[in-house]
Trainee: 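Dropping the structure in here first, questions after.
Each ligand, and each atom within it, is numbered from 1 in the order the structure gives. What you are looking at is a predicted structure, and each value in this text was computed from that prediction instead of being measured.
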Amino acid sequence: MTATNRMALGAEQSDALANVQTGLLIGGWRTVLEKLPVENPATGKVIAEVADGTADDGVEALDAAVRAQRGWAATTARYRADVLHHLYAAVIESREELALLITTEMGKPLAEARGEVDYAADYVRWYAEEAVRLDGRSLTTPNGRSEVVTYRGPVGPCLLITPWNFPLAMGLRKVAPALAAGCTVVWKPADLTPLTALRAASLMLEAGVPEGVVNVVTTTDAASFSATVMADPRLRKVSFTGSTPVGRRLLAQASEGVLKSSMELGGNAPLLVLEDADVDRAVEGAFVAKLRNGGQSCVAANRMYVHEKVADAFVEAFAARVARVAFGNGMDAATDLGPLIDGRAVDKVAGLVTDAVARGAKVLAGGVVPDGPGYFYPATVLDHVAPGSRLLGEEIFGPVAPIVRFQDEGEAILHANATPFGLAAYLFTENGDRARRVAAALDAGMVGVNQGAISDASVPFGGVKQSGLGREGGAEGIEDYTELKFVSTPSVR
Ligand code: NAD
């Protein structure tokens, strides 16, 4: 970190940065010569450098994971649960420090970053609790000949690849169930946000995770790193959270070795406000579903379909609410909305808005890229968005709310489902029967009714169609890290 850039940070941010191990965690910590610069998106300045690992480092990390696998799998479930409980306590104790790192390298307002730490820690606590409940079952075959017992064992060494938008939560949501199940891991965090992951790795060691059980490699060469590690037959699973195009590529690579794969991919969540919605509730829910994490969330409401009967009231109140959103550096207590992750993201969002406006959309709030420094885009509402506008078909990943008006519930459901994605969907209505009917008709892995925030460690998060394979969270989430085996013996009954 240069002296000038350090001065651009507050004392607390500098202290948090100074606590980060910037090497690779392969068995133990090691330093490498190649460095990867980390920017603060609120200023566009490089604020730290961490190790830039290679594909060879990936193989060495897998060596370490393979060496540790047998010993870790042999620990008792209670032992692994205790380690995870220690990790939960360590994460909560380090809430402020982790939140500062998240805000500094990813940009979200500090209050949201604290929320991410709590959310991430919850997965650790949840899987500490689930570790001791990983049971099999027993049965007698219907022909009466055999008695069968099923067992769930750890799948083995796993590669975990995570995105930048929730640098802590997306990592712990994978590491915790993997450790609980008895798997060792190689974790490759996003190169845009490595600091939080590295600090979390130190906390894991402090909590009692043995060396080699969790290995962390930061790298700018994600493609060859992953391809090399995935081609190694000792790897038994890949779990990826990120964009659908990269997920597709990884699935193709995984097919070579028939590698067990979990994919948490992109979304294009529709949000439906039906004619009998409580407009205030819908405005509040839509605000959260759209603007949490600055819209940089896979479950962010990407398209809003609002019934003509309530559209004027909804649009007026929603636009007024959004117009009050203050963007700025996430360290500033007055900031509601931080920067986007980088300049490319600003260009992408601005391009989508320009396209929608050229096709007739009306800008009710935001819509203009501010001067720098930093990668900001204001909270934006677009009304009367025309069919065919690019932002209805693509993941916006920014604070832009496109509104489309509709007259008929069936028509709204057709629009909502007209996408290759199927992660989340939101629905606002005061009619319970209708809520269940429409929720059932929506092609999505998760549906929020009259609420805009639906994720929790206790629920099976995941998508249908091209939004992914597998689930994270809930009792289901640990199963992705296990293999099921049965042992059959002649019946003695
Ligand atoms: P991304 O696909 O660009 O990157 C995700 C991770 O993959 C990063 O670690 C990156 O370094 C790595 N990567 C990039 N190219 C790779 C390659 N060729 N081979 C192997 N690894 C590679 O996604 P992103 O921009 O970091 O994150 C945003 C995307 O993630 C959005 O599409 C969002 O919807 C999705 N996401 C999904 C979920 C979910 O649970 N479904 C959660 C968060 C984010």
Trainee: Looking at ligand 1, does F225 have a heavy atom less than 4.0 Å from it?
Mentor: no

Trainee: Who gets closest to atom 23 (O) of ligand 1 by heavy atom: P194, S224, S243?
Mentor: S243

Trainee: Take every heavy atom of Q253, measure it against each atom of ligand 1, and state whether any distance is under 4.0 Å.
Mentor: no

Trainee: Between K237 and Y481, is NZ or CZ placed under 6.0 angstrom from the six-membered ring centre and within 45° of the ring axis?
Mentor: yes

Trainee: Looking at ligand 1, does any of its N/O atoms fall within less than 3.5 Å of an N/O of T244?
Mentor: no

Trainee: Quick check: F240 and ligand 1, any N/O pair under 3.5 Å apart?
Mentor: no

Trainee: Filter on side-chain hydrogen bond (donor to acceptor under 3.5 Å, both in side chains), then keep only pairs touching residues 452-463, sequence neighbours left out; what's left?
Mentor: Y119-S455, D456-S458

Trainee: Is there a polar contact, in the sense of an N or O pair closer than 3.5 Å, between N165 and ligand 1?
Mentor: no

Trainee: I want to confirm something. Looking only at heavy atoms, which of G463, A223, A197 is nearest to atom 18 (N) of ligand 1?
Mentor: A223

Trainee: Scan the protein's non-hydrogen atoms and note whether one is under 4.0 Å from atom 4 (O) of ligand 1.
Mentor: no

Trainee: Among P163, S455, A190, P189, which one puts a heavy atom closest to atom 27 (O) of ligand 1?
Mentor: P163

Trainee: With ring-ring contact (aromatic ring centres under 6.0 Å, His included) as the test, would you mind laying out the steps for Y305 and F406 before giving the verdict?
Mentor: CA-CA 7 Å; Y305 296 100; F406 72 89; 7.1 Å; no

Trainee: I'd like the name of whichever of F166, F397, F421, F461 reaches closest to atom 28 (C) of ligand 1 through any heavy atom.
Mentor: F397

